[in-house]
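So that the names make sense, note that chain A is the first sequence line, chain B the second, and so on, each numbered from 1.
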Protein chains: 2
Amino acid sequence: MFYISQKNKYALKALYELAKHKGEGPLKTAEISKRQRIPLKFLEVILAELKRSKIIAAKRGYQGGYTFVGSPEKISVGDVIRFIAKQPDKDDCIACGKEIKHCPYIPSCAFFPLWQKAHDAIFRIYDETTLQDLLENKHADGIFSLK
Amino acid sequence: MFYISQKNKYALKALYELAKHKGEGPLKTAEISKRQRIPLKFLEVILAELKRSKIIAAKRGYQGGYTFVGSPEKISVGDVIRFIAKQPDKDDCIACGKEIKHCPYIPSCAFFPLWQKAHDAIFRIYDETTLQDLLENKHADGIFSLK
DNA sequence: TCTTTTTCCGACCTATTTGGTCGACAAAGG
DNA sequence: CCTTTGTCGACCAAATAGGTCGGAAAAAGA
């Protein structure tokens with residue numbers, strides 16, 4: 001529930017690199033892998049999957065690679081996360097996730113509103129942050145406390 | 001990252017029952033297990049753990065059970081989640097979770113502010129929801145769409 | 001003090017998920 | 001036709017989640 005996997009983070013990082021490289025021709029998987037320290041073979045899997053979303057396109061062979069197709073201002077983190085996440089089973093609880101069985105949208109579930117609010121809050125952030133925002137490094141306030 | 005485990009949900013449900021039962025003497029593990037459909041043995045583990053937080057107390061033997069000690073208005077969902085979650089390693093990234101290694105609080109990490117905002121947003125919800133709120137079933141608006 | 005009830009505790013178990021790899025194949029240039 | 005680079009399916013290992021077992025310790029009643 002609300003889990004952001006490594007795969008998700010890799011996907012975002014890869015898209016970040018591709019968005020940054022936009023307009024300069026295809027970027028190779030190997031290059032992305034190096035820049036973002038993502039295991040090559042795993043990255044291949046991820047990019048192939050992302051390609052299906054049409055926001056990136058691939059070109060094979062010599063001088064090949066991936067290119068960012070859409071515009072980074074129009075793709076949000078939420079879009080990416082939703083795309084990578086496996087589609088929920090049709091009878092999962094929207095709020096609780098897998099709990100099913102004894103909680104199929106029971107209005108009397110004391111926790112439903114909580115999980116839903118949490119879900120909304122987090123996706124509000126994800127949805128209002130575009131790849132462009134990430135590129136521009138909108139570090140609102142540099143609270144990098146600790147150490 | 002941001003993952004709410006089944007254990008966490010069980011913990012909340014158990015506390016919900018205990019809070020509801022407050023003032024009526026100890027409530028047995030077996031009873032909680034039945035009411036909330038939580039596997040007994042697993043629940044035992046969870047309650048023993050929660051006891052260490054002092055918000056519930058145990059009494060053994062005949063007529064024993066658990067009692068809610070504090071006041072439900074003062075315990076938030078966030079408190080419970082933080083308590084149950086395993087303490088993060090001292091050099092995990094506050095925002096990203098386990099990513100460590102190549103991201104130890106690097107201010108140049110383009111994603112740090114995002115994860116931090118997400119973290120704040122979700123815990124804001126968790127922290128402002130008390131057990132009492134859950135008891136009062138503050139279903140703001142009954143959007144139990146779907147089916 | 002014996003028995004019952006109930007919590008306590010450590011070891012253990014198992015399926016799923018995560019994170020990742022391998023090897024062969026397909027296309028695109030040079 | 002050789003190299004480069006993406007594509008694809010199968011495979012795999014470690015971690016984690018989620019849960020179980022068996023008994024010990026304490027509390028109270030008989």
Side-chain angles (χ1 to χ4, degrees), chain A residues 1-14 18 25-34 36-53 56-69 84-89 92 96-101, chain B residues 1-14 18 25-34 36-53 56-67 69 81 84-89 96-102:
Chain A
M1 201 167 151
F2 308 142
Y3 179 64
I4 301 296
S5 63
Q6 191 70 337
K7 187 175 173 184
N8 247 312
K9 293 186 208 157
Y10 285 161
L12 283 168
K13 287 181 170 182
L18 286 168
L27 186 58
K28 288 171 193 126
T29 309
E31 185 59 28
I32 300 173
S33 163
K34 199 162 36 165
Q36 289 289 345
R37 297 189 194 77
I38 303 171
L40 180 61
K41 281 301 201 175
F42 196 25
L43 179 58
E44 287 181 357
V45 173
I46 294 167
L47 287 174
E49 201 170 329
L50 283 173
K51 204 189 84 169
R52 296 193 295 102
S53 79
I56 59 175
K59 193 185 169 197
R60 298 187 184 190
Y62 194 78
Q63 297 284 45
Y66 284 91
T67 41
F68 198 98
V69 169
I84 282 293
K86 52 176 160 300
Q87 307 313 322
D89 285 352
D92 282 1
C96 326
K98 288 235 162 261
E99 189 122 355
I100 337 170
K101 302 298 165 45
Chain B
M1 200 167 153
F2 309 141
Y3 179 65
I4 301 297
S5 63
Q6 191 71 336
K7 186 174 174 185
N8 247 313
K9 294 185 209 160
Y10 285 161
L12 284 168
K13 287 181 170 182
L18 286 167
L27 186 59
K28 286 168 194 132
T29 309
E31 184 60 26
I32 300 174
S33 163
K34 200 163 31 167
Q36 289 287 345
R37 296 187 194 77
I38 303 171
L40 180 60
K41 281 301 202 173
F42 195 26
L43 179 58
E44 287 181 358
V45 173
I46 294 167
L47 288 174
E49 201 169 329
L50 283 173
K51 204 190 82 169
R52 296 192 295 105
S53 80
I56 58 174
K59 193 184 171 197
R60 296 187 185 191
Y62 194 79
Q63 297 284 47
Y66 283 90
T67 41
V69 170
I81 289 176
I84 283 293
K86 53 177 161 301
Q87 308 312 323
D89 286 351
C96 325
K98 287 234 162 264
E99 190 122 354
I100 339 170
K101 302 298 165 47
H102 351 95

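Regarding A/Ile46, its CD1 atom lies at a distance of 8 Å from the P atom of C/dG20, rounded to whole Å. In this structure, A/Arg52 atom CZ and D/dG6 atom P are separated by 18 Å, rounded to whole Å. For A/Glu49 and C/dT18, the CD to P distance is 12 Å, given to the nearest whole Å. Separating the CG atom of B/Leu47 from the P atom of C/dC9 is a distance of 13 Å, rounded to the nearest angstrom. The separation between B/Leu27 atom CG and C/dT5 atom P is 18 Å, rounded to whole Å. Between B/Leu50 atom CG and C/dC9 atom P the separation is 14 Å, expressed in whole Å. When rounded to the nearest whole Å, the span between CG of A/Leu18 and P of D/dG6 equals 10 Å. In this structure, B/Leu43 atom CG and C/dT7 atom P are separated by 9 Å, rounded to whole Å.
Across A/Tyr10 and A/Arg37, no two heavy atoms sit closer than the pair CE2-O, 4.5 Å. The nearest pair of heavy atoms linking B/Leu47 to B/Ala14 is CD2-CB, 4.0 Å. Summarising the geometry of B/Ala58 relative to B/Tyr66, their closest heavy-atom pair is CB-CE2, 3.5 Å, with the distance given to 0.1 Å. Looking at every heavy atom in both residues, B/Pro39 comes nearest to B/Ser33 through C-OG, 4.3 Å.
Over its full length, the helix from C/dT1-D/dA30 to C/dG30-D/dC1 turns its helical axis through 0°, comparing axes from the five pairs at each end and rounding to 10°.
Separating the CD1 atom in B/Ile38 from the CD atom in B/Glu44 is a distance of 12.0 Å, to the nearest 0.5 Å. The NZ atom of A/Lys41 sits 11.0 Å away from the CG atom of A/Leu43 when rounded to the nearest 0.5 Å. Rounding to the nearest 0.5 Å gives a distance of 8.0 Å between OG1 of A/Thr67 and CG of A/Leu18.
Between B/Lys28 and C/dT7 there is no side-chain polar atom (N or O) within less than 4.0 angstrom of OP1 or OP2.
Among residues two or more places apart in sequence or in another chain, the side-chain contact (heavy atoms from CB on, under 4.5 Å) test is passed with A/Ala11 by A/Ile46, A/Leu50, A/Val80, A/Ile84. Evaluation of the side-chain contact (heavy atoms from CB on, under 4.5 Å) rule for A/Tyr62 yields no partner, not counting sequence neighbours. The side-chain contact (heavy atoms from CB on, under 4.5 Å) search around A/Glu31 returns A/Leu27, A/Lys28, A/Lys34, A/Arg35, not counting sequence neighbours.
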Dump the pairs, protein N or O against N or O of nucleotides 27-30 of chain D, anything under 3.5 Å, distances to one decimal.
unit_1: D/dA28; atom_1: OP1; unit_2: B/Lys59; atom_2: NZ; d: 3.0

I'd like a table of atom pairs between the protein and nucleotides 17-20 of chain D - only N or O on both sides, under 3.5 Å - with the distance next to each one.
unit_1: D/dG18; atom_1: OP1; unit_2: B/Tyr3; atom_2: OH; d: 3.4
unit_1: D/dG18; atom_1: OP2; unit_2: B/Gln6; atom_2: N; d: 3.1
unit_1: D/dG19; atom_1: OP2; unit_2: B/Tyr10; atom_2: OH; d: 3.2

